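Note that this is a predicted model, so its numbers are computed, not measured. As a basis for the values below, the full set of heavy atoms in this structure was taken, side chains included, without hydrogen atoms, waters or symmetry mates.
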Amino acid sequence: MLGGVLIAAALEVVAGPVDVAKTEYDRYCREITGGEPPKAAFAVDAKLDALHDEYRIVSEGEGVRFVGANERAVLFAVYDFLSRRGGCKWFWDGDIVPWKEKIDCAGLDVSEKSQFEYRGLRYFAHRGLTRFQAEHWGLEDWKREIDWCVKNRLNLMMPRIGMDDTWQKAYPDIVPYPDPAKKLPEAGKGFDDRSLFWSLEYRGRLRKAFTAYAEERGVMMPVDFGTMTHWYSRTPRAYLDKVKPEFLPQATKGYGEDTGRVWDIRKPGYLDRYWRLTEAFLDAGYGKPDLLHTIGLGERMVYTNRADNLKLKIDVMNALIGKAGKEHPSSKVLLAGWDFYFTWRPDEVQSLLDHLDPAKIVIWDYEADAPERDWDWINGCAMSNNFTKWGLKGKMPYTFGIFLCYESGLDMRADYPLIEKRQKEIENDPMCKGYILWPESSHTDTFALRYFTENAWRADGKKTSEALLPAFCRDRYANLGDDTVSRFERIWRKVLPIAAATRWGNTYCRDLIGYKTKSVDPRTDVTLAEMRPALAAMKGVFDDLAKAVRRRSSEFARRDAIDLARAAADRLAIATRQELVEKYDAWCRGEASADEVKTLAGRYAKIARAIADLLELSTDFSLWESYERLDRIEKVRNPDFEHVLVDNAINGYCRSHQYEAARYWYQPLAEMLAATYVAQVQAEKRQPIDEKKLKELSNRLHRQMLTRPLKEMRPGFNRASSVCKPFAAIMKTLTATADL
């Protein structure tokens, strides 16, 4: 168990990036050769460009010299050398460190400087599966993640994983530490149930420990300030009951509970009360005030009248910026682009820019991959809004950011053609100060992480997905032989286009639970006609995947094969469902045969069952196994947390590729849906299907999952056995269903 004693011990040794560089150089060189490392020198040269982490790697006799513009750049240089000459490869799920007789240091004269000042990631506060949800991670997980960031020359990360114990530190006389064995007083339902799995005291120690680890490596961590009330940072009930704050008006429905309402900072004292939370965060050692980040009035419309709404939002922004400047004059203020994307029009964002100081502000935008056609769920209308329409270019510092996925998007889905089209806007714009990845889930797409880290260093248009994929496959699978490398590259090329077809969040279970019995709405979803070309190109992918996984396969290869298969199967399920709906409608009109409907219904049920079978093969997708891991890191004290975890994971916003939901909810519902269509055609009922029974079954299955012991739903697959045979059998099933 990793408890408070071990975390406290981890804080006792404080080093800096150069100290870390020396240690890492020695450690990896010894691992590569088994002997003494080549002689090395480490230095900081103030003449180099510190803002862009410039460094040099130069041969020096039989050894090497690492020179950086700052200490962090020296560490970057060491990892770069270990990659270039040591052959090391850095992935989120582990390093590849080859064996060599000798590390060649001759002929080195490397000079590197990033295009961007800020290169980093966000980690979000959703819960469910440990691989994807950073709030589940213990100290060793955070250390591995921070190391991966630095090995890939990232210099910034932002763990927005809840409020930790900030309220208790800011208002100790008002907000007590909650009992972790009980339901949180302000807990809602679904993802709004923030009831604890670890005590806030422990989470505070954990936050301080991994923050210190990041600082030792020169990693920047922006700190939240401003109107911080949100779903993941609810105002505690104890504070509301004692202080009774006044709230801003709110025209949107979301966050309507008083725990989610924003205090009226137009009135004296309220902004200071919010600021007290930020200062408590800083005083606790959870970050530094160099970069202060605010969401403003994220995802909220205050007034229905747009002119009044815009004036208030600009006034709020000015108040927040003024407060930050007063308290920490040397800090940079990062204005999150999320609210601009959702509730501002492009002309309104442009009007805000006139009020901002380019020397102090960075528009921290992370929707560069926003779909060309999206649905505004706040205003209930179609939308097309992104940073290219805001007048930022050449005028205001900003970042280029990839959002990649909502919480439900737990598989690969990067839209590379769109990203590369938008990226052309920034290639020669010095006002673009950063390249960031800001998704709601982590580690969803291993190739997307490689694409991001490469372009975050220099986005010159050369590092396209097409150009990067061969090297990625060589780096990740080379130890398995050239045939496997070629096979995986072929599979990735087939799957990437179909994976991108569902944009930020759609998965097969969303339409299934929605009982969609009509063709898709082209404003919000990808149509079958749009998916067909990518599906056709996917032909043979499941056969290829079956051949890619062998007994001697690496953990990387097994994980990637399952990831590729589940993304392909998910899109296949969506397409099959759409074709089933359309074919049934055609049958009702007398334009299709009953056998065609029956065949598609049978395929759909088989795909849903195959997806559940596939998810069962890996611990990555089991809620029960994620729960067990939480308990091993630090004891879970809440006796009901397993049900909280299920509700956090399978609510309408978050449900996705969780094994237990796939097996005990999606599969039986898909089978019932298929049986309903078959029954209709057999009975010659040429009319819309009756959704009542489907809804009743879905609701019953959902309720059962929320009350059934999680352990009873755990995977039955024997983890000690090989995945080869069952994986091959699942691929065979999917091959038989892929004839679209």
Side-chain angles (χ1 to χ4, degrees), residues 371-375 382 494-495 497-503 505-542 567-611 666-698 732-740:
E372 297 280 16
R373 184 183 70 224
D374 203 359
W375 184 251
K494 289 181 177 181
V495 174
I498 192 65
T502 51
R503 305 191 175 107
N506 193 20
T507 59
Y508 81 107
C509 60
R510 193 191 79 170
D511 287 351
L512 176 61
I513 305 303
Y515 325 104
K516 186 177 287 181
T517 55
K518 295 183 179 179
S519 298
V520 296
D521 182 344
R523 295 174 305 174
T524 58
D525 292 318
V526 180
T527 64
L528 181 59
E530 291 173 317
M531 294 181 76
R532 278 191 183 280
L535 283 165
M538 203 177 71
K539 188 174 180 62
V541 73
F542 296 118
D570 183 282
R571 309 313 184 263
L572 180 62
I574 291 171
T576 304
R577 173 70 182 271
Q578 290 185 19
E579 185 161 26
L580 173 59
V581 169
E582 293 179 10
K583 193 66 69 176
Y584 179 76
D585 289 346
W587 175 80
C588 289
R589 299 190 303 269
E591 298 171 2
S593 70
D595 285 343
E596 288 177 298
V597 175
K598 291 178 184 178
T599 298
L600 284 167
R603 284 181 185 170
Y604 185 67
K606 287 179 181 178
I607 296 168
R609 185 161 54 250
I611 292 174
Y666 315 150
Q667 178 185 327
L669 189 58
E671 290 170 342
M672 177 67 170
L673 178 68
T676 300
Y677 277 112
V678 170
Q680 290 284 106
V681 297
Q682 286 180 336
E684 289 286 329
K685 292 184 178 179
R686 298 179 186 269
Q687 60 193 40
I689 66 171
D690 183 359
E691 296 179 354
K692 184 178 179 181
K693 288 184 178 180
L694 289 168
K695 290 181 179 179
E696 289 174 351
L697 174 62
S698 180
K732 184 176 181 180
T733 297
L734 289 170
T735 296
T737 65
D739 183 22
L740 281 174

Q. Under 4.0 Å between a Lys/Arg side-chain N and an Asp/Glu carboxylate O for R532 and E579?
A. yes
Q) Hey, does Q680 have a side-chain heavy atom less than 4.5 Å from the side chain of Q687? A) yes
Q: Taking all heavy atoms of A573 and all of I611, pick out the closest pair and write down the distance.
A: CB-CD1, 4.3 Å
Q) Which atom pair, heavy atoms only, marks the closest approach of A608 to A670? A) CB-CB, 3.5 Å
Q: Given side chain to side chain contact (heavy atoms under 4.5 Å, CB included), test Y584 with T676 step by step and report yes or no.
A: CA-CA 11 Å; Y584 179 76; T676 300; over 6 Å; no
(Q) I need the minimum non-hydrogen distance between V495 and A567, along with the two atoms involved. (A) CG1-CB, 4.3 Å
Q. Is there side-chain contact between K583 and L580, with heavy atoms separated by less than 4.5 Å?
A. no
Q. Atom CG in D511, atom CG in N506: separation rounded to 0.5 Å?
A. 5.0 Å
Q.
Working to the nearest 0.5 angstrom, can you tell me the gap between D690 CG and K695 NZ?
A. 9.5 Å
Q) Given side chains that start at C-beta, do those of W587 and E684 come closer than 4.5 Å, heavy atoms only? A) yes
Q | Straight-line distance of K732 NZ to T735 OG1, nearest 0.5 Å | A | 9.5 Å
(Q) Strictly distance-based, threshold 3.5 Å: is any side-chain N or O of K494 a donor or acceptor partner for the main-chain N or O of K539? (A) yes
Q: Drop me the distance from Y666's OH to L673's CG, to the nearest 0.5 angstrom.
A: 15.5 Å
Q | Smallest separation among heavy atoms of M672 and L694, with atom names | A | CG-CD2, 3.5 Å
Q) Hey, mind stepping through E596 and K598 against salt bridge (Lys or Arg N to Asp or Glu O under 4.0 Å) and telling me if it holds? A) CA-CA 6 Å; E596 288 177 298; K598 291 178 184 178; over 6 Å; no
Q: Output the distance between atom CD (Q578) and atom CD (E582), rounded to the nearest 0.5 Å.
A: 6.5 Å
Q. Tell me, do T576 and T737 make a side-chain contact under 4.5 Å, heavy atoms counted?
A. no
Q) Just by modelled atom types, is the Q667 backbone N or O under 3.5 Å from a matching donor or acceptor in the R609 side chain? A) no
Q: Might you point out which heavy atoms bring L734 and A610 nearest each other, and give the distance in Å?
A: CD2-CB, 3.8 Å
Q) Taking all atoms of both residues into account, what is the closest heavy-atom pair of A575 and L528, and its distance? A) O-CD1, 3.7 Å
(Q) Looking at D595, is its backbone amide N or carbonyl O close enough to the side chain of T599 to form a donor-acceptor pair, meaning the two atoms are under 3.5 Å apart? (A) yes
Q. Got a second to check how far T502's OG1 is from Y508's OH, nearest 0.5 Å?
A. 13.5 Å
Q) Any sub-3.5 Å donor-acceptor pair from R571's side-chain atoms to A499's backbone N or O? A) yes
